[in-house]
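Note sheet for the following structure.
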Amino acid sequence: EFRRRADEKALREAIEEATKAAEKRGEIRMCIQNWQEFGKSYDETAAMLSSRFQLNTDAAKAQMDRFWRV
C-alpha cells in the first residue's frame, strides 16, 4: 500500500512538472513570436527573453533557435 501511494505521488509530481515545463515553453514561444512580429531583432528578443525568464545567454539563444521564424 505504501509503495503504491508513493508511486502514485511520484507520478502526479512528474505530470505536474512536465505540465509546467510545457506551459513555460509555450509562453516562451509566444513571447518570441510576438516580439518578432513587433519588429524586435534577434538579439533584442534574446535579451528580453533572458530577462523575463531568468535564462542565461546560452539557454535564451537555444530557445530563440527553436522558435525564431526566419
Side-chain angles (χ1 to χ4, degrees):
E1 177 67 21
F2 176 76
R3 173 75 178 187
R4 184 183 60 76
R5 281 185 285 163
D7 288 346
E8 288 173 357
K9 181 180 179 194
L11 178 60
R12 281 192 309 274
E13 289 172 355
I15 290 169
E16 184 178 323
E17 188 174 319
T19 300
K20 286 180 183 179
E23 289 171 354
K24 185 175 181 180
R25 275 192 308 275
E27 188 176 350
I28 287 171
R29 185 189 74 231
M30 185 173 46
C31 286
I32 290 170
Q33 290 173 350
N34 286 341
W35 292 330
Q36 187 176 21
E37 287 175 12
F38 286 119
K40 298 294 182 188
S41 72
Y42 181 95
D43 290 333
E44 289 173 314
T45 301
M48 291 189 305
L49 191 68
S50 179
S51 176
R52 177 166 182 165
F53 293 97
Q54 292 81 44
L55 300 173
N56 65 38
T57 302
D58 290 337
K61 289 194 175 191
Q63 295 299 320
M64 293 290 296
D65 290 345
R66 193 170 180 196
F67 298 117
W68 185 262
R69 292 179 294 205
V70 179

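- Residues in residues 51-70 take part in these ring-ring contact (aromatic ring centres under 6.0 Å, His included) pairs, two or more places apart or across chains: Y42-W68.
- The two residues A46 and A60 come nearest to each other via the heavy atoms O-CB, 3.8 Å.
- The line from CH2 of W35 to CE of M30 is 10.0 Å long, rounded to the nearest 0.5 Å.
- Distance check, rounded to the nearest 0.5 Å: CD of E44 to CG of L49 gives 13.5 Å.
- With a 6.0 Å radius and a threshold of 12 heavy atoms from other residues, nucleotides or ligands, E17 has its CD atom at or below the threshold.
- Within the 4.5 Å cutoff, the side chain of Q36 has no heavy atoms near those of the M64 side chain.
- Between atom CZ of residue R52 and atom CD1 of residue I28 there is a gap of 9.5 Å, rounded to the nearest 0.5 Å.
- When every heavy atom of D58 is checked against every heavy atom of N56, the shortest pair comes out as N-OD1, 3.1 Å.
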Would you tabulate the side-chain donor-acceptor contacts of residues 3-14 under 3.5 Å, counting partners in other chains and residues two or more places apart, or write 'none'?
unit_1: R4; atom_1: NH1; unit_2: E8; atom_2: OE1; d: 3.2
unit_1: R4; atom_1: NH1; unit_2: E8; atom_2: OE2; d: 2.6
unit_1: R4; atom_1: NH2; unit_2: E1; atom_2: OE1; d: 3.2
unit_1: R4; atom_1: NH2; unit_2: E1; atom_2: OE2; d: 2.7

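- Taken to the nearest 0.5 Å, the CG atom of D43 stands 5.5 Å off from the NZ atom of K61.
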